[in-house]
Amino acid sequence: MVFADPGDPRVDWSAAGITDVADSRDFPSGRVPAQALREAGATVFARLGIAVVAAPPDQVGALRSAGPPVLSVSPELVHHVLPAEEYVRGYRDGVTDLAGRLAGAGGGEAPAPPAFADTEAATWGVQAVRATTSPYTGAGVRVAVLDTGLDLAHPDLAGRTITAESFVAGVDSAQDGHGHGTHCVGTACGPQSPPQGPRYGVASGAEIYVGKVLSDEGSGEDGGILAGIDWAVANGCAVISMSLGADVAEAHPPYSAAGRRALQQGSLIVAAAGNNADRENGEYGFVGAPANSVEVLAVGAVDAALRTAWFSARSLAAPGGEVDVAGPGVDVYSAWPLPQRYNTISGTSMATPHVAGLAALWAEATGRRGYELWATLTQAASRLAEPSVDVGSGLVLAPQEGAGSA
């Protein structure tokens, strides 16, 4: 179970029969090992105002009545990345449909032609957000990517400052055995001039923090994800990128608490809105957790024509269930674990690290953090022809020359 906002010394853990209580501030570098998280009766992430507790029903009842410090009690969620194969298959089917309509095989109006395309110099996404013309690289800014880890031996990141930790039980290394995390790190912080192929990274000078919070099967529980957030905040990461989620329409209180406390300490959480839409069949989906918390910046996906991606979730009327901004998320080329080295996949998972990298550029350019950085990103977004329920404030753009004096 996850208990929001119990980081108060007045909480009587012993009243619920919990005596083994760990505090994330007692661990080096703010990292709570996954094994310690499992073994402790309660783990308090005081920076976030959250505790993760393994408790049977009778203990939950006791904690609910523990008084004002315990503001809410929520069941722990399991979060996932969608298989890359589904992304690729969906994009391929979309291309096949488009080709058929252009050839006159189908009826209806053909979609707008792409406004951008991959070139030898840079991917379409890096071009679309104007990272290629920005003088900023994210130098001096720490970016945390909480995902399936990173291929720590990837040659494109040789020589970069990388801090990597695992928050998955039984896994000591942040090595990526899935691919999703490496792809996201590449998009957010990949090199300006890769050894081969086009530029695909936004913030090439940022310091990289990798938190393996999802297994090589692509799933992880709240406990490990919150431990990763707490670690990132403790290490002064200005941006925390999370391309993960659960298809739950209601905001999950622990992430509201975590997002709020992170912002107050200068860390902005950027999360994928979700891929549960099927727009070709009239289904628009909804923003899932953790992105549907008001305190977390939710990112939707657009394609190379700057149209909403067919899978990208739409805002709900409920507070917090909104898409805040959009990023390139269809047919995105980036890093992948060796020996493949690169891959092209789609999803709001791919849009999110674009925005995270842009946040690092703006953090470098302006020195802004937390709430001010959030406001800067939305103000820097370019309005699109798409409805705001799909793309929020629009496509986030990179700071250009002189942005630091604005």
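When a residue number appears, it is its place in the shown sequence, counting from 1.
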field: F116 and L306, any side-chain heavy atoms less than 4.5 Å apart
entry: yes
- request: Over all heavy atoms of both residues, which pair between A313 and F286 is shortest? Give the atoms and the distance, please.
  value: CB-O, 3.2 Å
task: Please report the closest heavy-atom contact between V270 and T352, naming both atoms and the distance.
output: O-CG2, 3.6 Å
message: Taking salt bridge (Lys or Arg N to Asp or Glu O under 4.0 Å) as the definition, give me every residue that meets it alongside R369, ordered by chain and number, with sequence neighbours left out.
response: none
message: Students often mix this up, so state it plainly: with edges at 30° and 60°, are the rings of H180 and H178 parallel, tilted or perpendicular?
response: perpendicular
- prompt: Does the pair T187 and M350 meet the rule for a side chain to side chain contact (heavy atoms under 4.5 Å, CB included), with working shown?
  reply: CA-CA 8 Å; T187 299; M350 284 60 256; 5.8 Å; no
- prompt: Going from CD on Q264 to CZ on R47, what distance comes out if it is rounded to the nearest 0.5 angstrom?
  reply: 14.5 Å
message: Can you confirm whether R279 sits close enough to T308 that some side-chain heavy atom of one is under 4.5 Å from a side-chain heavy atom of the other?
response: yes
field: Value rounded to 0.5 Å, distance of CG in N292 from OH in Y255
entry: 11.0 Å
- request: For S315 and V389, indicate whether the former's side chain and the latter's backbone hold a donor-acceptor pair under 3.5 Å.
  value: yes
field: Side-chain donor or acceptor of S312 paired with backbone N/O of G300 under 3.5 Å
entry: no
- prompt: To the nearest 0.5 Å, what is the distance between CZ (R314) and CD (E386)?
  reply: 9.0 Å
- prompt: Side chains of S24 and D230: is there a donor and an acceptor less than 3.5 Å apart?
  reply: yes
Nearest heavy-atom neighbours spanning Q175 and L152: OE1-N, 3.1 Å
- request: Ignoring hydrogens and angles, tell me if any N or O in the side chain of H354 forms a donor-acceptor pair with the backbone of G327 under 3.5 Å.
  value: no
query: Any sub-3.5 Å donor-acceptor pair from R142's side-chain atoms to A144's backbone N or O?
result: no
message: Side chains of S293 and S256 only: does a donor on one sit below 3.5 Å from an acceptor on the other?
response: yes
query: Less than 4.5 Å apart, any side-chain heavy atom of D147 and any of V81?
result: yes
message: Please check this pair: side chain of T163 against backbone of Y209, looking for a donor-acceptor N/O pair closer than 3.5 Å.
response: no
message: One pair to check against side chain to side chain contact (heavy atoms under 4.5 Å, CB included): L297 and V355. What are the steps and the verdict?
response: CA-CA 10 Å; L297 188 75; V355 173; 4.0 Å; yes
query: Which pair of heavy atoms, one from P254 and one from I50, lies closest together, and at what distance?
result: O-CD1, 3.0 Å
- prompt: Can you tell if the side chain of F311 reaches within under 4.5 Å of the side chain of V330, non-hydrogen atoms only?
  reply: yes
- prompt: Ion pair present between D156 and R341, side-chain N to carboxylate O less than 4.0 angstrom?
  reply: yes
- request: Could you go through the side chain to side chain donor-acceptor pair (under 3.5 Å) check for T137 and Q192 one step at a time?
  value: CA-CA 9 Å; T137 66; Q192 200 166 64; over 6 Å; no
- request: Would you mind reporting whether L395 and V129 have side-chain heavy atoms less than 4.5 Å apart?
  value: yes
statement: Shortest non-hydrogen pair, A273 vs V323, comes out as CB-CG2, 4.2 Å
message: I'd like to know if the side chain of S166 and the backbone of V171 have a donor-acceptor N/O pair within less than 3.5 Å.
response: yes
task: Answer whether the closest heavy-atom distance between the side chains of L373 and W362 falls below 4.5 Å.
output: yes
task: Show your working on side chain to side chain contact (heavy atoms under 4.5 Å, CB included) between V302 and V391 and close with a plain yes or no.
output: CA-CA 8 Å; V302 294; V391 298; 3.9 Å; yes
message: So does S334 get a backbone contact from the side chain of N343, meaning a donor-acceptor N/O pair under 3.5 Å?
response: no
- prompt: Roughly how far apart are W374 CH2 and L268 CG, rounded to 0.5 Å?
  reply: 7.0 Å
Aromatic plane relationship, Y342 with Y333 - under 30° parallel, 30 to 60° tilted, over 60° perpendicular: parallel
- prompt: Under 3.5 Å, is there a donor-acceptor pair linking the side chains of T344 and D331?
  reply: no
task: Could you check if a side-chain atom of V145 sits within less than 4.5 angstrom of a side-chain atom of S243, using non-hydrogen atoms only?
output: no
Criterion side chain to side chain contact (heavy atoms under 4.5 Å, CB included) on F45 and R261, from CA distance to verdict: CA-CA 11 Å; F45 299 107; R261 294 291 184 91; over 6 Å; no
- prompt: Are K212 and E165 close enough for a salt bridge, meaning some N to O gap below 4.0 Å?
  reply: no
message: Treating T119 as the side-chain partner and A122 as the backbone partner, does any N or O pair qualify as donor plus acceptor under 3.5 Å?
response: yes
task: Count the heavy atoms belonging to other residues, nucleotides or ligands that lie under 6.0 Å from CG of D278, then report whether that count exceeds 12.
output: yes
query: Hey, is CD on Q265 packed in by over 12 heavy atoms from elsewhere, all under 6.0 Å?
result: yes
query: Checking N235 side chain against C237 main chain: does a donor-acceptor pair fall under 3.5 Å?
result: no
Spacing of E372 atom CD and Q379 atom CD [to the nearest 0.5 Å]: 10.0 Å
- request: Compare every heavy atom of V233 with every heavy atom of A262, then report the nearest pair and how far apart it is.
  value: CB-CG2, 4.0 Å
message: Rounded to the nearest 0.5 Å, what separates atom OG1 in T182 from atom CH2 in W336?
response: 8.0 Å
field: With I208 via side chain to side chain contact (heavy atoms under 4.5 Å, CB included) - residues at least two apart
entry: L157, R160, I162, V185, C189, V210
query: Hey, does the side chain of D118 reach the backbone of W124 with a donor-acceptor pair shorter than 3.5 angstrom?
result: yes
task: Check whether any side-chain heavy atom of L316 sits under 4.5 Å from a side-chain heavy atom of V287, and report yes or no.
output: no
